[in-house]
Amino acid sequence: MLRLAAWPLLALVLVALPHGLSFSQQEILVFLTINVLVVASYRLLTLTGEWSLGHVVIMGVGAYASALYSKKFGVWVPASMLLGAVTAALIAVLLSFPLFRMKGFYFLIGSFASGEIIRLLWKRFRDPFGGPKGLKLIEGMPDFSIGIWDFQFFEPVSYYYFAGTVVAICLWILWRIERSPVGLTFHAVHWQDRLAEACGVNLRAWRTLAFTVASGFAGLGGALLAHYIGTINPNSFDIEKMVFVLTWAIVGGTGTFYGPILGCVVLTVFNEIVLREMGFEQMRPLIYGAILIGSILFLPNGLESLVQKLVGRRRRVPGPAEIVGESAVK
Amino acid sequence: MSALLEVRDLTMRFGGLTAVDGLSFRVEQGSIHGLIGPNGAGKTTTFNMISGFYRPTSGQVLLRGEDISGLKMYEVARRGVVRTFQHSTLFAELTVLENALVGTHMPFRPNVFAAIIGWDREDRRGALARAAEALEFFGLSGYAGARAGDLSHGHQRALGLAVAYASHPDVMLLDEPFTGMNPEETRSMMALMEKLRGQGITILIVEHDMAAIMGLCDTITCMSFGRLLAEGDPEHIRNHPAVIEAYLGGTHHAA
Amino acid sequence: MLLEMKGVSAGYGRAPAIRDISISVPQGAIITIIGANGAGKTTTLRAMSGMLPLMAGEITFEGKRIDGLPASRVVAHGIAHVPEGRRVFPDMTVEENLRTGAFLRRDRDGIEADLRDVYARFPRLEERRRQRAQTLSGGEQQMLAIGRALMSKPRLLLMDEPSMGLAPVIVEEIARIIEEIHARGLSVVLVEQNAELALELADHAYVLETGNCALQGPARELHDNEHVRAAYLGI
Amino acid sequence: MIELLAQTGLNAVYAASYIALVAVGLVLIFGVMGVINFAHGELFMAGAYTVVALYASRDVPFILAVAAGLVFVGGLGLFMERTMFRPLRDNPLGGLVASIGFLMILQAAAAMGFGVRKEHIPPVTQQVIEFSEKVRLPMARLYVIVAAIVILLALWYFLKRTRFGWALRASAQDPEAAELQGISINQTARIAMFIGAAMAGIAGALTAPLVSVNPHMGHSVIVTAFIVIIVGGVGSLEGAVLASIAYALVHTFVTTFWDGVIADIVGLSLMLLVLIVRPTGLFGSADRA
């Protein structure tokens with residue numbers, strides 16, 4: 001009964017949320033919404049056990065692509081966002097050929113290197129990427145109205161509703177994937193790749209699948225960002241941003257679906273309330289670095305493990321058996 | 001009976017070292033075939049070449065006449081030759097049922113789009129039924145919800161077989177299945193293999209321990225230093241002078 | 001008693017791989033531990049040399065407790081461990097490998113004398129002293145591993161499967177070396193898959209079975225024991 | 001044209017010398033500890049800022065400032081070993097991520113302590129060796145080259161001829177077998193971390209007057225070092241030195257004839273290519289990924 005009520009209640013809170021906030025806080029809320037999508041897609045990538053340092057650059061690919069489609073070819077913005085996501089996914093497929101010949105360290109360094117190459121290409125080629133200054137005056141979402149409510153998307157509240165809806169749908173899809181046999185196969189690839197291969201799993205194909213899907217959602221996140229802030233440049237997607245994503249994921253804990261989201265929300269709130277209010281905002285990288293190290297050393301399973309301790313549930317990986325509903329095994 | 005699996009002139013060199021040297025033998029359909037030899041004889045290397053983990057330097061692995069040497073492990077698996085691993089290689093973090101479900105990957109291939117839309121309900125049911133069947137077969141039904149890493153040693157070994165069995169294999173390659181088992185576990189494991197043979201599954205066992213598979217195998221191939229030493233039924237192998245010599249090792253010394 | 005292992009349990013995961021093992025090594029003896037693959041022989045040896053922390057039990061060497069010490073400290077007490085698979089340092093020369101064996105020693109002259117001694121014992125190593133260890137044959141690597149262990153001037157030598165993967169002729173030679181080392185007054189604990197060889201060399205033997213000590217006794221008796229022959233030689 | 005080639009060659013030799021110092025330190029740390037130190041570029045930066053703080057701001061003689069940089073950055077290395085890499089020894093990927101966190105801390109600390117502007121450091125010497133009108137080698141660069149050669153030779157001697165050098169190599173090749181010889185992993189890890197970090201620090205300190213010192217300078221250094229250690233074969237010190245020379249030549253020439261960004265792209269592509277051709281187990285035994 002409580003569970004049934006929980007979702008509508010959460011939705012209500014999320015809808016009401018921006019109205020109690022200041023303008024700048026509403027803007028932060030938009031960024032937070034987008035970041036939730038990025039970090040949740042990052043978790044899908046880590047399901048197969050590989051940690052990429054190129055995820056934020058892939059997000060940038062979605063941002064650049066979507067901005068260029070709307071700018072150069074006049075594509076309707078929502079469509080260009082989708083195309084941006086598809087482009088990011090396609091770039092990921094291309095990158096997977098070199099990258100998935102590597103594992104562990106080499107994958108990490110390889111993903112970092114490919115990300116750097118992409119960023120350098122943006123920097124080097126003024127046409128079409130705008131060089132170091134990047135792209136400006138990116139088209140915003142076209143306004144529209146449904147009866148009583150006018151959506152003007154330069155306003156953070158409107159954009160928050162739009163982005164929130166998109167992100168909610170994406171999270172639902174990510175959740176469906178993870179709790180399906182597909183998700184189980186990802187876990188299998190992670191925990192014992194050789195045994196998985198002996199079960200007929202084409203490791204390369206499945207790693208590529210996770211990487212591609214994750215990259216598509218990250219690209220969509222980038223597109224959502226680009227059309228809101230209206231200007232992007234190569235440094236919007238540098239290693240510092242990647243460290244933020246890593247920190248959210250690790251602080252939250254990558255063992256569960258909600259862990260990274262939790263990490264993202266908690267650290268963003270911490271950042272806004274504690275750091276900004278106390279005037280430590282420019283110490284943010286330092287504090288994030290310290291938090292990152294601290295959580296690896298002292299909280300290896302992330303915040304989620306604290307939550308689970310509180311709720312008193314054991315860490316577990318969800319399986320498809322629960323989705324079918326009835327267990328065939330008594 | 002006809003040869004289901006055949007190894008022809010198989011050779012593996014690592015740098016200057018020849019681990020397997022021109023090995024040939026045939027595994028008959030529906031039999032339990034043992035591959036034995038002292039430590040370092042090249043059994044595991046041979047096993048890894050058959051299962052696709054290594055690409056042989058030269059020679060062939062024929063499955064129903066088709067050359068499968070050099071194929072990747074998952075490609076070999078998809079042709080019906082499924083292997084197990086030494087020790088208790090399992091998805092230790094997943095539940096017993098989930099382990100078996102991964103085993104059903106080949107008959108019920110997951111699809112990401114179907115999974116999102118929800119069009120794979122039939123496949124999920126089928127996979128679950130097959131996984132349950134595999135657990136039942138190996139007497140693990142009672143542990144379906146347990147974490148695989150928490151099982152006892154004997155149950156972990158059985159689960160390893162169940163995962164392989166869940167994929168409907170024609171040939172099962174077992175890598176030292178009796179290692180670290182007490183006599184009682186060994187006996188029940190032997191019974192399970194007999195049961196598998198009863199289902200028409202061909203079994204190739206690689207084992208260091210001669211005693212364990214004497215009573216089980218129809219045919220035994222004995223290797224030593226990468227070469228074929230002797231082949232025949234257990235009685236023949238037991239009394240083969242070269243085999244005894246290879247196993248006792250220090251006979252000169254004793255004399 | 002040189003080394004006394006009492007009621008030791010140890011292992012890698014949560015469950016111990018060996019349970020309640022007690023082994024005594026008298027001064028000047030060769031003790032062997034035999035058993036099937038996975039019976040816990042190597043685990044026992046690793047527990048002795050401090051590579052594996054104990055879950056229960058204690059180990060004393062020359063009357064001093066050594067359990068709980070890290071492996072690098074156990075060496076200092078006079079126990080050298082020749083690990084399974086030889087584990088020579090592949091990219092270092094033969095001589096560098098040997099000198100690394102004397103890492104804890106400061107007596108320059110003593111080290112040089114022992115180095116000459118090892119070369120005298122293994123002329124083939126002297127011929128290859130500038131070669132990288134990687135380029136040696138299996139038998140030569142085994143000799144190097146033994147030589148390296150001797151360089152620490154141990155009073156007890158732990159040997160893990162010295163015959164593994166070696167041709168019968170080489171195994172003969174290794175056996176001769178073990179006897180020679182023993183004749184010089186060193187005590188040896190020998191873990192072997194090759195039970196026949198081990199029982200020939202040893203004074204006293206322990207038979208492990210899935211982590212428990214199933215049988216122990218004078219090596220000669222075990223050698224002639226029908227049960228042991230059936231269980232471990234498969235004859 | 002010949003003169004342009006000669007000048008570019010000289011520039012490449014200079015670049016190779018400090019890159020080699022950084023990369024060899026990184027390889028040493030990876031070999032012994034099994035961890036890729038992402039903060040290595042920031043250790044270089046810390047060395048440079050030591051010179052800013054002592055030589056440029058407080059008139060400490062340059063050579064003493066460099067020595068201080070060596071000690072300070074070596075100390076930072078010891079701190080990292082004790083607080084991060086030792087507790088995370090069984091989790092090399094965790095060690096790597098922790099070093100990324102440390103990178104952020106050092107960068108932010110430099111920005112807060114010195115500001116984000118570029119530092120101007122008075123030149124150590126204005127002398128220039130003129131081979132011809134267009135081929136010139138500033139003395140300051142020659143110092144870096146000579147220092148790099150001396151340091152690398154000293155390291156080579158240490159590793160090949162001394163007890164602790166053997167211990168370090170033994171630990172890198174087989175940590176467990178090394179432990180059985182009485183070599184404590186903690187000890188070798190400390191030595192490797194100190195030397196590795198100090199080499200990055202001294203490279204940063206020596207080149208400080210010749211480059212623009214700023215809190216973000218570590219980024220291009222670590223990217224370069226990654227390229228070099230991958231191309232040279234992870235775990236191989238000789239490979240790292242050779243790859244430094246090769247990379248410096250390629251990068252300097254491409255920069256001279258096209259531009260710097262293209263040179264960076266070429267370098268990174270080269271590294272990806274090596275990773276593709278030899279995806280794992282690049283070189284020998286120090287490779288533990």
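Computed from heavy atoms alone, side chains included, the values below leave out hydrogens, waters and symmetry copies.
- A salt bridge links D:Arg169 to C:Glu96: at least one charged side-chain nitrogen sits closer than 4.0 Å to a carboxylate oxygen.
- Side-chain contact check for D:Gln181 versus C:Arg99: every heavy-atom pair is 4.5 Å or farther apart.
- With a threshold of 4.5 angstrom between heavy atoms, C:Arg106 approaches chain D through side-chain atoms but not through N, CA, C or O.
- Interface residues of residues 49-59 of chain C toward chain D, defined by a heavy-atom distance below 4.5 Å and sorted by number: C:Ser49, C:Met51.
- Each salt bridge (charged side-chain N to carboxylate O under 4.0 Å, His left out) pair with one or both residues in residues 2-12 of chain C, not counting sequence neighbours, would appear here, but there are none.
- Within the 4.5 angstrom heavy-atom criterion, no atom of C:Ser152 approaches chain D.
- Interface residues of residues 63-84 of chain C toward chain D, defined by a heavy-atom distance below 4.5 Å and sorted by number: C:Pro70, C:Ala71, C:Ser72, C:Val75, C:His81, C:Pro83.
- Taking D:Ala167, D:Ala170, D:Ala177 one by one and counting their heavy-atom pairs under 4.5 Å with chain C, the maximum is reached by D:Ala170.
- Among residues two or more places apart in sequence or in another chain, the salt bridge (Lys or Arg N to Asp or Glu O under 4.0 Å) test is passed with C:Arg132 by C:Asp91.
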Please lay out, stage by stage, how C:Arg87 and D:Gln173 fare under the test side chain to side chain contact (heavy atoms under 4.5 Å, CB included).
CA-CA 10 Å; C:Arg87 306 284 284 272; D:Gln173 289 169 33; over 6 Å; no
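- Rounded to the nearest 0.5 Å, atoms CE (C:Met92) and CG (D:Leu159) are 9.5 Å apart.
- Put simply, the side chain of D:Phe164 reaches to within 4.5 Å of the side chain of C:Phe103, judged on heavy atoms.
- Annotation: C:Arg129, atom CZ; neighbour count of heavy atoms from other residues, nucleotides and ligands within 6.0 Å is above 12.
- Taken to the nearest 0.5 Å, the CG atom of C:Leu104 stands 7.5 Å off from the CZ atom of D:Arg163.
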